[in-house]
Amino acid sequence: MTENQGLTPLGYHQAGLRGKLARVLVEEPTNEIDWPADLPAGIETVVILDDHPNPHHTLRVHPPDDPTRIALVVYDQLALCEDPRRET
């Protein structure tokens, strides 16, 4: 995902993330034990459900178009991005 160059991964102590749109920085996002996250192949953006990373270094996220598909992703595999839904 070359369009992710220059984006800064989320930090472990970052807060205020709930409801924010995040760019997926890796080809295959994983959880804290390096298992593939339950997300669609090739997903580029997700919505963050947690306010900050948990002690296991993950955040609950879901695809923007499917809030029922919740997955755990390691926080540093994500970077905040502008939410195009809020540009109106």
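Note that this is a predicted model, so its numbers are computed, not measured.
- Going from atom CD of Glu28 over to atom CD1 of Ile43 covers 12.5 Å, rounded to the nearest 0.5 Å.
- Here the closest heavy-atom approach between residue Tyr75 and residue Tyr12 is recorded as CE1-N, 3.3 Å.
- The two residues Pro29 and Glu27 come nearest to each other via the heavy atoms CD-O, 3.8 Å.
- To the nearest 0.5 Å, atoms CG (Leu80) and CG (Leu17) are separated by 6.0 Å.
- Taking the side chain as every heavy atom from C-beta outward, Val73 and Val46 never approach each other to under 4.5 Å.
- Looking only at side-chain heavy atoms (C-beta outward), Leu39 and Val61 come within less than 4.5 Å of each other.
- Between Pro40 and Pro63 there is a side-chain heavy-atom pair separated by less than 4.5 Å.
- Rounded to the nearest 0.5 Å, atoms CD (Gln14) and NZ (Lys20) are 9.0 Å apart.
- Closest of all the heavy-atom pairs between Asp38 and Ala71 is O-CB, 3.6 Å.
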Pair Arg18-Asp50, salt bridge (Lys or Arg N to Asp or Glu O under 4.0 Å): steps then yes or no: CA-CA 5 Å; Arg18 184 177 294 125; Asp50 297 316; 5.8 Å; no
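- Of all the heavy atoms in Leu72 and Arg60, the pair that sits closest is CD2-CG, 3.6 Å.
- Considering only heavy atoms from C-beta on, His13 stays 4.5 Å or farther from His52 through its side chain.
- For the pair Val24 and Thr45, the minimum side-chain heavy-atom distance is 4.5 Å or more.
- Put simply, NE2 on His62 and CZ on Arg69 are 12.5 Å apart, with the number rounded to the nearest 0.5 Å.
- A 4.5 Å side-chain heavy-atom check between Pro53 and Leu10 finds every atom pair outside the cut-off.
- Among all heavy-atom pairs drawn from Val47 and Pro64, the shortest one is CG2-CA, 3.9 Å.
- Side-chain atoms of Asp66 come within 3.5 Å of backbone atoms of Thr68 as a donor-acceptor pair (strictly under, hydrogens ignored).
- For Asn31 against Val74, the heavy-atom pair with the smallest separation is O-CG2, 3.3 Å.
- Two residues are said to be in side-chain contact when any heavy atoms from C-beta on lie closer than 4.5 Å; Ile48 and Leu21 fail this criterion.
- One distance of note links OG1 of Thr8 with CG of Asp76; it measures 12.5 Å at 0.5 Å rounding.
- One distance of note links CG of Leu49 with CG of Leu59; it measures 9.0 Å at 0.5 Å rounding.
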